[in-house]
Amino acid sequence: MSLRFGTVHSALDLRAEGKRADVFAFTHSDNRYGFSSIQSPLAVICGGEGPTALVCGGNHGDEYEGQIIVRRLFEMLEASDLNGRLILAPSLNMPAVQSVSRTSPLDGGNLNRSFTGLAFAGPTQDIAGFVTTHLISEADLAIDIHSGGKISNYLDTAYFCLSGDPAQNAQTRELSCVMGLPYTMVVPASDTNGDFDSKAHAVGCAMISCELGGEAKVSLQSLERGWHGVLRLLVHQGVLRAQAAERLGMPPSPQTTFIDLGENVQYVTAQSYGMMEPLVCLGDRVAKGQALMQLRDLYKMDATPQVLTSACEGIVSIVRTTPIVTPGDHLCVICPELSSEGLEAQIAAATT
Ligand SMILES: [Zn+2]
């Protein structure tokens, strides 16, 4: 039975026992692809009647750690390693991957803002609809792996996307702790419309997404943290047998630090054209008033550089990678650390 949504289809049998790799494919009749099928890999490993995990990378095309981790799962696991089933989509937005781009070159679509459920609304929305209708619908847990792409570098951080459902928040918090990345960003519910997380949550699927480094390159440290975190999640959810994860060298969960990407976050933003000079590093703990970035006029060597300072105490959580900036470009993001009381307050605020 073929899986279809809009222009997207796949012949992969998601239900039969065993391990299979195929593709999902779609058409887009422009000058380049008018006589083509545009394909992305899709695989399944089905080991039993247990729960199903969907693991995805390449939602944005210039992010690589997730694409490697998902391919590794297929290479290193057999059906006998699983209590349940793994559905693996390493390069969700292949046109973006092939063009080393965050968004699709076909329609400009950002896949992670396209989970609206409309069919025949362009290639990017059709992919999102296919993922929702045929993959998320099969899953008890979805994992979507991101990194900073060409434009930015992130801490290795899970996303705790808050929702109005206390049970869902408790579940996502637990998944964040099990994944055990060094940081977990707590995100207000209103910030996530149209993305993978909110769609999975809307249909009752457990969901965790993350950022692993960035700069459109592969960080070995971020890759290994993500790999171990995914293995821990799969064991925790009863998909992967513990012996298989031990064979692959899975360590126990390190503690994660919760940080605020909500109302207390500080985006340090350029208000003029210039060249950015960082004065701090990703992961630095900074004090209120500390100098973070220096912005120089590109032409006037006798102009005094503008120094941008931190409005709060916190952790340098995201840093821009391209130093030539225009007004409105974010240079870095300072996330305050959340105490356990602060975290509880944010969760409570989301559910009232
Ligand atoms: Zn991304």
Side-chain angles (χ1 to χ4, degrees), residues 40-41 54-71 88-116 123-125 127-128 130-132 135-136 142-161 172 175-176 179 181-188 191-201 207-219 221-223 225-227 229-230 233 259 261 265 267 282 317-322 329-330 332-333 335:
S40 297
L54 166 66
V55 193
C56 299
N59 183 328
H60 295 131
D62 57 352
E63 304 171 6
Y64 301 102
E65 284 80 357
Q67 299 193 53
I68 294 169
I69 287 168
V70 180
R71 286 174 166 83
L88 302 170
S91 299
L92 276 182
N93 197 347
M94 186 58 97
V97 171
Q98 286 185 325
S99 63
V100 195
S101 168
R102 177 174 177 82
T103 55
S104 173
L106 304 182
D107 58 4
N110 177 344
L111 179 57
N112 214 29
R113 303 293 181 273
S114 300
F115 282 82
T116 53
T124 309
Q125 293 214 35
I127 293 170
F130 176 81
V131 171
T132 303
L135 307 185
I136 295 175
I143 305 171
D144 186 30
I145 308 170
H146 291 253
S147 57
K150 285 188 283 195
I151 199 73
S152 62
N153 197 13
Y154 274 71
L155 295 172
D156 295 328
T157 179
Y159 282 120
F160 178 178
C161 295
T172 314
L175 294 174
S176 305
M179 192 171 197
L181 293 177
Y183 296 92
T184 297
M185 285 179 173
V186 181
V187 187
D191 284 9
T192 54
N193 290 330
D195 71 356
F196 195 141
D197 294 68
S198 55
K199 178 56 74 175
H201 282 156
M207 173 79 210
I208 191 86
S209 58
C210 65
E211 302 280 359
L212 301 171
E215 300 181 322
K217 57 188 184 187
V218 180
S219 153
Q221 184 179 52
S222 299
L223 182 65
R225 284 173 173 162
W227 170 243
V230 168
L233 287 166
I259 55 178
L261 199 65
V265 71
Y267 283 81
L282 188 68
S317 303
I318 312 170
V319 175
R320 183 178 200 84
T321 56
T322 50
D329 288 345
H330 302 311
C332 66
V333 173
C335 292

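The figures that follow rest on heavy atoms only: side chains count, while hydrogens, waters and symmetry mates do not. Counting begins at 1 with the first residue of the sequence. Note that ligands are numbered from 1 as they come in the structure, with each ligand's atoms numbered from 1 the same way.
- Looking only at atom types and distance, the side chain of Glu211 has no donor-acceptor partner in the side chain of Thr157 under 3.5 Å away.
- Counting just the N/O/S atoms of His60, the one with the shortest distance to the Zn ion (ligand 1) is named ND1.
- In the model, Ser91 has a side-chain atom that pairs as donor or acceptor with a side-chain atom of Arg71 under 3.5 Å.
- The closest side-chain donor-acceptor pair between His60 and Asp62, if any, does not fall under 3.5 angstrom.
- Using a 4.5 Å cut-off on side-chain heavy atoms (C-beta onward), Leu212 and Leu181 make contact.
- Minimum-distance N/O/S atom of His146 relative to the Zn ion (ligand 1): ND1.
- The Zn ion (ligand 1) lies under 2.8 Å from an N, O or S atom belonging to Glu63.
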